**Q** 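Input: one structure, supplied below.
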2 protein chains.
Amino acid sequence: MAVKLNPHVSVDCVIFGFDGQSLKVLLIDRNLGLTPEKQTAPNSLKLPGSMVYDDEDVDTAAVRVLKELTGLENIYLQQLKVFGSPDRLSKKDDLDWLQKATRMTINRVVTVAYYALIKLHKAMPCEGKVIWQDTQNIPELAFDHRDIVIEGLTALRKEVQYEPLVFELLPKKFTIRQLQTLYEIIEGRKFDNRNFRKSISRWQYLQPIDEKEKNVAHKPAQFYRFDKRAYQRLKKEFFE
Amino acid sequence: MAVKLNPHVSVDCVIFGFDGQSLKVLLIDRNLGLTPEKQTAPNSLKLPGSMVYDDEDVDTAAVRVLKELTGLENIYLQQLKVFGSPDRLSKKDDLDWLQKATRMTINRVVTVAYYALIKLHKAMPCEGKVIWQDTQNIPELAFDHRDIVIEGLTALRKEVQYEPLVFELLPKKFTIRQLQTLYEIIEGRKFDNRNFRKSISRWQYLQPIDEKEKNVAHKPAQFYRFDKRAYQRLKKEFFE
DNA sequence: AAACTTAGCGTAAAAAATACGTTAACTATT
DNA sequence: AATAGTTAACGTATTTTTTACGCTAAGTTT
């Protein structure tokens with residue numbers, strides 16, 4: 001490895017995506033491509049992450065992990081929480097894997113967890129190499145990564161109440177139905193469609209575009225887009 | 001020092017207190033008690049913090065810092081954010097001080113910032129040794145501690161909207177006026193007293209006690225207390 | 001006893017949230 | 001060509017919450 005690592009601090013990213021049906025989280029199978037004897041036994045799924053380079057900003061390390069994996073930049077990325085228990089690496093499989101992956105003897109890593117929101121329909125270099133796990137059903141993962149995912153879900157559910165995060169997960173053009181479905185999935189409750197429309201009709205940053213659904217066996221829905229500039233302007237005005 | 005340190009990860013605590021008039025943050029003067037020639041030049045004020053011990057949970061380190069300083073336990077304490085820029089220690093004074101304080105050559109520390117809320121009127125062992133700085137006016141501090149304080153204020157302002165954090169800052173018994181004043185200071189805006197009373201009258205966890213103000217030159221105010229159990233019960237019911 | 005000061009209640013109006021029914025526009029099927 | 005099936009999109013009445021604003025109460029000081 002060319003770059004010097006800081007063997008004490010890592011970053012891990014909980015990357016969320018929405019496929020129209022359900023909320024997914026990106027997981028990596030650390031056994032993928034390894035010969036059977038090199039593989040670690042169960043819980044081979046983990047979050048994407050990396051040690052922080054020796055002279056690298058921690059936040060930058062998270063951006064790097066995202067870029068390397070998805071090819072995407074300018075993604076919504078937030079610090080989630082630090083996981084700093086001294087026995088985070090207590091499972092033997094995890095320790096072994098870490099040693100092989102970093103070629104260092106490590107017995108403690110404090111990790112800074114981030115969560116990111118991406119538009120799932122975009123083509124990504126990691127396609128086929130990663131697992132998009134449904135967030136309704138998170139299996140046991142490597143290290144304390146299951147806890148991290150759950151913490152990420154909690155944070156997303158909270159933040160989505162106050163910030164228009166859903167637009168980071170939806171495609172550029174979307175219908176009101178898609179918007180409502182996504183809110184319903186994240187918040188885990190149903191909305192009355194008529195009242196939902198009424199409430200979002202106040203959002204000046206939600207703009208209809210000159211396009212409708214096609215080839216659907218029902219009345220085609222209007223497409224909308226998120227006007228980020230309008231949103232930021234309104235937010236600024238609000239604070240003045 | 002008897003305990004082995006992890007020279008890469010530290011914790012820093014933004015400790016808030018309310019004296020009835022204004023919101024304060026606890027700062028330490030690192031020159032205090034040093035002979036003049038040993039003192040570091042300007043910006044000698046810093047947040048309380050510590051390196052994380054080698055086998056210590058990061059959260060536990062923050063609890064320890066709080067306990068050592070204030071003697072208090074079971075304090076409201078939340079992770080705030082990680083400050084992980086590689087040039088956090090860029091000021092020469094800061095590096096020198098760190099070297100003296102830890103007796104180690106350190107060129108990078110990732111710090112996990114926490115914020116804590118305490119009841120200011122309680123007696124504390126650190127009394128006289130620390131500075132309670134008004135949050136309206138935070139001077140330049142050591143390291144990036146000014147940024148950390150500002151981040152702490154932002155987090156407090158946000159959280160106070162959704163959680164009854166104010167009761168961690170108020171004395172056990174308090175008046176509605178004190179409660180309102182604290183909200184006004186944290187949120188930086190005024191409330192209509194009549195409407196304020198109306199809105200809090202729905203809070204079932206806010207309970208009048210059998211005591212009123214004494215020796216005040218006006219109608220004495222009713223004292224109230226925060227019923228934490230009732231709050232937790234109501235919160236639990238809400239999520240079911 | 002009069003003046004001063006903050007506590008504490010109440011009502012009317014506006015805004016937001018909730019509950020609920022019907023028509024519109026398309027495709028697929030006969 | 002007509003019918004059935006499906007989701008889009010709109011509107012109104014009711015309840016709840018928020019906002020705006022005025023007056024009396026209960027102490028201390030002079």
Side-chain angles (χ1 to χ4, degrees), chain A residues 18-22 160-164 166 170-171 173-226 234-235 237-238, chain B residues 18-22 160-162 164 166 170-171 173-226 234 237-238:
Chain A
F18 176 61
D19 66 1
Q21 318 303 320
S22 59
V160 87
Q161 315 267 352
Y162 322 117
E163 302 282 338
V166 284
L170 288 168
K173 54 183 189 185
F174 51 83
T175 65
I176 302 296
R177 168 54 53 187
Q178 287 177 295
L179 183 64
Q180 182 178 340
T181 302
L182 180 50
Y183 268 108
E184 287 178 342
I185 288 170
I186 294 176
E187 297 193 29
R189 60 191 178 123
K190 294 285 181 185
F191 298 100
D192 177 276
N193 178 254
R194 292 159 294 190
N195 293 336
F196 183 78
R197 281 171 191 275
K198 210 178 305 170
S199 70
I200 63 169
S201 67
R202 264 168 266 153
W203 301 354
Q204 292 176 49
Y205 47 83
L206 187 61
Q207 297 182 335
I209 58 172
D210 191 22
E211 191 178 347
K212 293 190 175 186
E213 276 185 319
K214 272 175 190 158
N215 302 319
V216 285
H218 54 80
K219 177 172 173 178
Q222 175 68 46
F223 277 121
Y224 288 79
R225 70 178 204 93
F226 173 57
L234 290 163
K235 192 173 178 180
E237 275 169 26
F238 183 78
Chain B
F18 175 62
D19 65 2
Q21 318 303 321
S22 59
V160 86
Q161 314 270 351
Y162 323 117
V166 284
L170 288 168
K173 55 182 190 186
F174 51 84
T175 65
I176 303 297
R177 169 54 52 186
Q178 287 178 296
L179 183 63
Q180 181 178 342
T181 302
L182 180 50
Y183 269 108
E184 288 180 339
I185 288 170
I186 294 176
E187 296 193 30
R189 58 190 178 123
K190 293 287 180 184
F191 298 101
D192 177 277
N193 179 254
R194 291 160 293 191
N195 292 336
F196 183 79
R197 281 170 191 275
K198 209 177 306 168
S199 69
I200 64 169
S201 68
R202 265 167 266 152
W203 300 355
Q204 292 177 49
Y205 47 83
L206 186 60
Q207 298 182 335
I209 60 173
D210 192 22
E211 192 178 348
K212 293 191 177 185
E213 276 183 321
K214 274 175 191 160
N215 302 318
V216 285
H218 53 78
K219 179 171 173 178
Q222 175 70 46
F223 278 122
Y224 288 79
R225 70 179 205 93
F226 173 56
L234 290 163
E237 275 169 24
F238 183 78

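These numbers come from a predicted model, not from an experiment. Labels below follow one simple rule: chain letters A, B, ... track the order of the sequence lines, proteins then strands, and each chain is numbered from 1.
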**Q** So if I take residues 205-218 of chain B and measure heavy-atom distances to DNA chain D, which residues fall below 4.0 Å?
**A**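 DNA chain D contact set from residues 205-218 of chain B: V216(B), A217(B), H218(B).
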**Q** Base, sugar-phosphate or nothing for R194(B)? Non-hydrogen atoms, less than 4.0 Å.
**A** base
**Q** Once rounded to the nearest 0.5 Å, what's the spacing between atom OH of Y205(A) and atom NZ of K235(A)?
**A** 10.0 Å
**Q** For N195(A) and dT15(D), what is the distance between atoms CG and P respectively, to the nearest whole Å?
**A** 15 Å
**Q** If you assign each of K198(A) and Y224(A) to its closest nucleotide in DNA chain D, which residue comes earlier from the 5' end?
**A**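 Upstream on the strand: Y224(A).
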**Q** Can you tell me how far C1' of dA9(D) sits from CD1 of I200(A), to the nearest Å?
**A** 11 Å
**Q** Can you see which heavy atom on E184(A) is nearest to which on F191(A), and at what distance?
**A**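 In this case the closest contact between E184(A) and F191(A) is OE2-N, 2.9 Å.
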**Q** Mind running side-chain contact (heavy atoms from CB on, under 4.5 Å) on W203(A) and L179(A) for me, showing each step along the way?
**A** CA-CA 13 Å; W203(A) 301 354; L179(A) 183 64; 4.3 Å; yes
**Q** What's the separation between atom NZ in K198(A) and atom CG in N193(A), rounded to the nearest 0.5 Å?
**A**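 Reported to 0.5 Å precision, the distance equals 11.0 Å.
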**Q** Is the phosphate of dT7(D) approached by R177(A) (side-chain N or O, under 4.0 Å from OP1 or OP2)?
**A**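 No, no such contact exists.
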**Q** Would you kindly give the CZ-to-C1' distance between R197(B) and dC21(D), to the nearest whole Å?
**A**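 Result: 16 Å.
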**Q** Identify, between P220(B) and Q178(A), the residue whose nearest nucleotide on DNA chain D lies closer to the 5' end.
**A**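 The residue whose closest nucleotide sits nearer the 5' end is Q178(A).
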**Q** Is the closest basic N to carboxylate O distance between R177(A) and E213(A) below 4.0 Å?
**A** no
**Q** Check the distance between dC20(C)'s C1' and K190(A)'s NZ and give it to me in whole angstrom.
**A** 18 Å
**Q** Take D192(A) and T175(B), find for each the nucleotide of DNA chain C with the closest heavy atom, and name the residue whose nucleotide sits nearer the 5' end.
**A** T175(B)
**Q** In this structure, how many angstroms lie between the C1' atom of dA9(D) and the CG atom of N193(A), rounded?
**A**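 Going from N193(A) (CG) to dA9(D) (C1'), I get 8 Å.
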**Q** When you measure only distances, ignoring hydrogens and angles, does the side chain of K219(A) come within 3.5 Å of the base of dT23(C) through a donor and an acceptor?
**A** no
